[in-house]
Amino acid sequence: MQSLQGIAVSHGVAIGEAVVIDNEGFRIPKRTVMDDALDGELARLDHAIGAVAKEIEKNRDRVSEELGEHYGAIFTAHLEMLHDKTLHNEVEALIRDQHHSAEYAVSKTLRRYAKVFRNLDDQYMSERAHDIFDLERSLLAKLLGRRREILSKLTTPAIVLAHNLTPSETAKLDPRFVLAFATEAGGPGSHTAIVAKGLEIPAVVGTGLFLTEVSGGDIVIVDGDHGRIIIQPDEKTLQQYQDELEHHRSLAVRLATLRDLPAETQDGEPIQLGANIEFPHEIQACLDRGANGIGLYRTEFLYLGADEEPTEDDHFEAYSHVVNSMSKRQVTIRTLDLGADKMGQLPRGEEEHNPFLGVRSIRLSLRNLDLFRKQLRAVLRASVLGEVRVMFPMITTLQELRQAKMILNDTMEDLREDGFEYDEQIKVGMMVEVPSAVMMLDKLLKEVDFISIGTNDLIQYCLAVDRSNKDVANLYRASDPAVLRLINTTLRAARDADVPVNVCGEMSATPKYIPLLLGMGLRSVSVSPSAIPEIKSVCRSVTIEQCEDIASRALQLDSAREVDTFLQEEIRNISPELVV
Ligand code: PEP
Ligand code: MG
């Protein structure tokens with residue numbers, strides 16, 4: 001048994017067989033080979049060894065010719081390893097005696113060898129482990145044929161373990177077959193994490209390197225509550241997690257009874273509880289959980305899930321499905337937030353050193369007006385179908401907001417000329433997710449109908465911490481007093497200007513922050529559909545007076561740690577069943 005600590009990004013627990021997608025994207029199956037297929041499997045192995053040997057010989061000859069025998073000798077060492085009798089015997093025994101597939105036997109044996117080398121004190125020798133991984137990759141390439149086994153082609157439920165998953169790869173995961181995932185890379189606020197919540201599967205990211213320690217088919221537990229993964233658990237641990245699974249199931253059943261009850265505090269204050277979605281198909285989950293509306297529709301995922309650039313009609317079709325399904329409930333469509341970790345099929349410009357500070361979000365839209373107009377046309381066309389609001393992401397300056405609104409007005413004129421109907425009074429809002437926007441709120445608020453606080457980015461831009469970098473994850477804290485002050489300032493400014501405000505970042509999907517946010521004056525949140533029952537339950541368990549007391553105490557504390565400890569204690573008293 002081996003236990004690894006990472007960052008919990010999507011709650012819940014899953015137990016299942018691992019599918020390992022290594023750096024190169026190989027998926028190593030642990031098939032069982034039938035008696036009558038054993039000879040065929042051994043022949044596949046021989047064939048792969050022969051083909052890899054030929055490749056190495058070719059490389060050796062070319063390098064010897066161009067650089068001299070001395071360099072060619074590097075490949076001779078690889079060849080010797082490839083032809084080593086003991087190694088062959090070990091791989092063959094796994095196939096013949098254990099009935100493992102050739103790729104699984106190769107991977108298991110070579111990884112064992114690599115581990116021995118890696119643990120040697122001598123640095124030169126320990127680096128030989130790389131040579132062994134190279135050999136493994138070459139053999140797997142021959143045995144598996146295509147390099148990147150497509151994640152979406154899983155056909156039995158499994159736990160995906162990978163070095164990293166991009167938001168678009170994650171978006172393509174089929175939740176029927178992916179029980180959970182864990183990645184070596186990734187940070188707490190990454191969009192990969194957000195998609196995992198949308199898929200409603202447990203996920204842990206940023207564990208550091210571990211893929212060499214695990215083989216496809218190993219039993220793995222992903223503990224998305226504590227950010228832990230456990231490889232080959234012992235009986236006692238397995239039992240403990242089975243109990244945990246049961247606890248989650250019964251909690252979900254209890255919370256489901258709140259579905260048709262309002263999100264209202266004990267003293268009768270109504271709270272708007274909307275849902276964040278990335279894809280139109282999530283609407284069903286929103287309806288099932290009784291969402292008041294869609295507080296944030298991340299439309300850029302239309303690009304991330306598609307092979308070709310979406311047309312105006314593709315946009316319109318997606319939006320009209322969402323608006324119609326929500327039947328008259330408010331739908332806030334956020335314009336494209338492409339860039340940084342969400343590029344989709346769009347051609348990348350120059351490699352950016354700091355993509356989160358680069359051509360992202362509204363900046364990208366304002367530089368690609370065809371793209372922007374196409375989307376705005378679709379949003380406006382959908383606006384006659386229900387209560388649609390449009391929202392601009394990552395507004396940093398007043399000029400940006402004015403420019404975006406000007407393009408919106410131009411698009412309205414074009415539509416009018418083209419004979420389309422749209423809601424001329426459509427509400428226009430912006431996200432507050434950059435500290436400069438908080439500083440300029442008095443002016444910005446005069447030019448919008450509503451604002452929404454995106455804490456995921458606000459934390460990153462306030463604290464100078466990349467939301468997707470595991471190495472600074474400990475600094476990425478919603479509870480940092482600086483972040484709390486920004487939020488408090490925003491809520492006050494919005495109240496003074498009488499402009500509706502909501503929080504749609506992950507902070508509002510975390511039970512312990514709800515009393516604090518309500519105490520600061522917030523009355524509207526938007527969270528992933530899976531978080532709605534818990535958040536509603538917290539709202540229904542508190543009074544505004546109690547929340548105001550919590551907020552005023554939290555705002556006096558000096559550090560994120562103090563705030564976290566304090567809020568954890570409070571939520572333990574308010575909703576003990578939600579505290580893991
Ligand atoms: C945010 O930044 O909090 C937000 C809701 O937007 P996204 O996570 O899509 O950047
Ligand atoms: Mg954001």
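Indexing begins at 1, ligand by ligand and atom by atom, following the structure's order.
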Mind checking whether Leu296 contacts ligand 1 via backbone (N, CA, C, O), side chain (CB onward), both or neither, at a 4.0 Å heavy-atom cut-off? side chain
Flag the pair Asp549 and Arg553 as a salt bridge only when some basic side-chain nitrogen lies within less than 4.0 angstrom of an acidic carboxylate oxygen. yes
What atoms of ligand 1 come within less than 4.0 Å of a heavy atom belonging to His191? 7 (P), 8 (O), 9 (O), 10 (O)
Aromatic plane relationship, His315 with Tyr319 - under 30° parallel, 30 to 60° tilted, over 60° perpendicular: tilted
Can we say Lys374 and Glu309 salt-bridge, meaning some charged N sits less than 4.0 Å from an Asp/Glu carboxylate O? yes
Minimum-distance N/O/S atom that Glu433 presents toward the Mg ion (ligand 2): OE1
Tell me which part of Met394 gets within contact of ligand 1: side chain, backbone, both or neither, using heavy atoms under 4.0 Å. neither
Proximity of Glu506 to ligand 1 by residue part, where a heavy atom lies under 4.0 Å: neither
Between Thr183 and Asn164: side-chain donor-acceptor atoms closer than 3.5 Å: no
Just by distance, with hydrogens left out, do Asp564 and Ser479 show a side-chain donor and acceptor under 3.5 Å apart? yes
Verify the neighbour count for atom CZ of Arg561: are there more than 12 heavy atoms of other residues, nucleotides or ligands below 6.0 Å? no
Side chain, backbone, both or neither: which part of Asn276 has a heavy atom under 4.0 Å from ligand 1? neither
Please list, in number order, the atoms of ligand 1 under 4.0 Å from a heavy atom of Arg298. 4 (C), 5 (C), 6 (O), 7 (P), 8 (O), 9 (O)
For atom 4 (C) of ligand 1, state which one of Ile194, Asn456, Ile453, Val503 supplies the nearest heavy atom. Asn456
Looking at Asp457, which of its N, O or S atoms is the nearest one to the Mg ion (ligand 2)? OD2
Basic-acidic side-chain contact under 4.0 Å: Glu312, Arg373: no
Please could you name the atoms of ligand 1 that Met431 approaches to less than 4.0 Å, counting only its heavy atoms? 4 (C), 5 (C)
Among Leu338, Leu364, Leu366, which one satisfies side chain to side chain contact (heavy atoms under 4.5 Å, CB included) with Val359? Leu364
Ignoring hydrogens and geometry beyond distance, is a side-chain donor-acceptor pair present between Gln284 and Asp288 at under 3.5 Å? yes
The atoms of ligand 1 lying under 4.0 Å from a heavy atom of Gly454, numbered in the order shown, are 1 (C), 2 (O), 3 (O)
Mode of Met507 contact toward ligand 1 - side chain, backbone, both, neither (heavy atoms, under 4.0 Å): neither
Could you pull out, from Glu300, Glu278, Gln460, Arg467, the option with a heavy atom nearest to atom 10 (O) of ligand 1? Arg467
